[in-house]
Amino acid sequence: MGFVGDTVDSIKSLQIRQVLTQGVSLGMIVTSALIIWKALMCITGSESPVVVVLSGSMEPGFKRGDILFLHMSKDPIRTGEIVVFNVDGREIPIVHRVIKVHERGDTGEVDVLTKGDNNYGDDRLLYAHGQLWLQRHHIMGRAVGFLPYVGWVTIIMTEKPIIKYILIGALGLLVITSKE
């Protein structure tokens with residue numbers, strides 16, 4: 001019959017108890033992943049402890065598809081650090097280098113100006129209309145490490161959603177038909 005026929009026969013032979021056991025196992029896997037993500041958020045102090053570089057604006061240091069590990073501490077942000085930040089009105093975080101730090105004398109708060117290493121000008125055109133500096137609440141974290149090219153999986157699944165649906169369907173089918 002082949003692979004498809006064997007898979008269909010395998011699904012037909014499942015008992016309710018097996019389906020419930022596999023459903024609980026799948027739920028435990030998803031719950032474990034969420035717990036690990038929340039623990040990483042607490043440990044790193046960042047709302048997103050891992051991000052994928054989505055453009056070539058930080059080349060040659062970081063290439064598109066690299067995964068960055070973030071940490072956000074209370075230490076002041078310094079010129080030269082690579083930060084990940086959100087801009088009001090945009091949902092995708094940006095990875096760029098701090099090129100200027102401006103400390104306000106009256107409050108002691110620090111404002112920063114960023115730029116992509118591969119870009120000609122600073123990021124003021126990327127910021128919200130009328131915004132000249134980033135404040136601390138815009139910054140998600142500092143880059144403390146990276147894995148090259150591993151983020152391509154995320155980029156491909158975002159740019160070609162059909163691949164994501166095929167992968168999810170195949171994994172779901174694998175969970176349903178497993179006999180353990």
Side-chain angles (χ1 to χ4, degrees), residues 29-104 107-169 171:
I29 290 169
V30 171
T31 303
S32 297
L34 291 173
I35 289 171
I36 290 169
W37 184 260
K38 288 294 185 181
L40 283 173
M41 287 174 63
C42 292
I43 292 167
T44 63
S46 176
E47 64 188 75
S48 181
V50 177
V51 295
V52 176
V53 178
L54 298 175
S55 74
S57 67
M58 285 302 292
E59 289 183 1
F62 297 120
K63 294 179 176 30
R64 187 169 192 243
D66 290 352
I67 288 185
L68 299 182
F69 300 102
L70 306 183
H71 186 266
M72 192 63 188
S73 64
K74 300 290 183 195
D75 297 335
I77 296 167
R78 301 188 197 316
T79 302
E81 287 186 315
I82 296 171
V83 296
V84 177
F85 60 91
N86 275 326
V87 176
D88 298 332
R90 291 182 180 223
E91 59 185 59
I92 297 175
I94 300 170
V95 179
H96 281 174
R97 188 178 304 276
V98 175
I99 59 170
K100 284 187 185 175
V101 176
H102 173 62
E103 186 173 345
R104 296 185 205 167
T107 62
E109 291 182 26
V110 174
D111 296 334
V112 298
L113 179 63
T114 57
K115 174 187 173 296
D117 290 352
N118 201 23
N119 293 351
Y120 291 111
D122 62 40
D123 289 342
R124 288 187 171 145
L125 293 174
L126 295 176
Y127 300 162
H129 182 71
Q131 181 180 2
L132 300 176
W133 300 87
L134 292 175
Q135 285 77 42
R136 189 164 186 97
H137 71 272
H138 292 111
I139 297 174
M140 296 170 58
R142 299 175 170 106
V144 293
F146 77 103
L147 278 175
Y149 307 114
V150 179
W152 271 104
V153 174
T154 302
I155 292 172
I156 289 170
M157 286 196 297
T158 302
E159 291 179 354
K160 308 238 187 279
I162 188 70
I163 294 173
K164 177 174 34 177
Y165 300 132
I166 290 170
L167 183 63
I168 290 171
L171 289 174

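These numbers come from a predicted model, not from an experiment.
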Handout entry: Audit row: D88, H138, side-chain contact (heavy atoms from CB on, under 4.5 Å) steps and yes/no
Key = CA-CA 8 Å; D88 298 332; H138 292 111; 3.6 Å; yes
Handout entry: Close side-chain approach of L54 to I92, heavy-atom, < 4.5 Å
Key = yes
Problem - Polar side-chain atom of K164 near backbone of I168 as donor-acceptor pair, under 3.5 Å - result: no
Exercise for the section: Verify side-chain contact (heavy atoms from CB on, under 4.5 Å) between V52 and I155, making sure each step is shown before the conclusion. Expected result: CA-CA 8 Å; V52 176; I155 292 172; 4.1 Å; yes
Handout entry: Rounded distance (nearest 0.5 Å) linking atom CD1 of I77 with atom CG of L134
Key = 8.5 Å
Problem - Inter-residue atom distance F62.CZ - I67.CD1, 0.5 Å rounding - result: 12.5 Å
Problem - Side-chain touch S48/W37, heavy atoms, less than 4.5 angstrom - result: yes
Exercise for the section: Starting at CD of Q135, measure out to CD of E109 and round the result to the nearest 0.5 Å. Expected result: 7.5 Å
Problem - Inter- and intrachain pairs under side chain to side chain donor-acceptor pair (under 3.5 Å), touching residues 142-162, at least two apart - result: R64-E159, S73-R142, E81-R142
Problem - Partner of M140 under side chain to side chain contact (heavy atoms under 4.5 Å, CB included), chosen from I94, V83, V84, V95 - result: V84
Exercise for the section: State the CE-CD1 distance between M41 and I36, to the nearest 0.5 angstrom. Expected result: 14.5 Å
Problem - Positive for side chain to side chain donor-acceptor pair (under 3.5 Å) with H96, one of N118, D117, D123 - result: D123
Practice task
For residues L132 and Y127, determine if any side-chain heavy atom of one lies less than 4.5 Å from a side-chain heavy atom of the other.
Solution key: no
Practice task
Without swapping roles, check the side chain of Q131 against the backbone of W133 for a donor-acceptor pair under 3.5 Å.
Solution key: yes
Handout entry: CZ on F146 to CG on D66, rounded to 0.5 Å
Key = 6.0 Å
Practice task
For atom CZ of R78, decide whether the heavy atoms of other residues, nucleotides or ligands shown that lie under 6.0 angstrom number more than 12.
Solution key: no
Practice task
Determine whether V112 and K100 make a side-chain contact, defined as any pair of heavy atoms from C-beta on separated by less than 4.5 Å.
Solution key: no
Problem - Distance-minimising heavy-atom pair for F69 and V50 - result: CD2-CG2, 3.9 Å
Exercise for the section: Taking the side chain as every heavy atom from C-beta outward, state whether P49 and L70 have any atom pair closer than 4.5 Å. Expected result: no
Practice task
Report yes if the side chains of V153 and V150 come closer than 4.5 Å at any heavy-atom pair, otherwise no.
Solution key: no
Handout entry: Criterion side-chain contact (heavy atoms from CB on, under 4.5 Å) on T114 and R97, from CA distance to verdict
Key = CA-CA 5 Å; T114 57; R97 188 178 304 276; over 6 Å; no
Problem - Beyond-backbone contact of M58 with I82, side-chain heavy atoms, under 4.5 angstrom - result: yes
Exercise for the section: Ignoring hydrogens and angles, tell me if any N or O in the side chain of D122 forms a donor-acceptor pair with the backbone of R124 under 3.5 Å. Expected result: yes
Exercise for the section: Report the C-alpha distance between R90 and L126 in whole Å, list the side-chain angles of each, state the deciding distance to 0.1 Å, and finish with yes or no for side-chain contact (heavy atoms from CB on, under 4.5 Å). Expected result: CA-CA 9 Å; R90 291 182 180 223; L126 295 176; 3.8 Å; yes
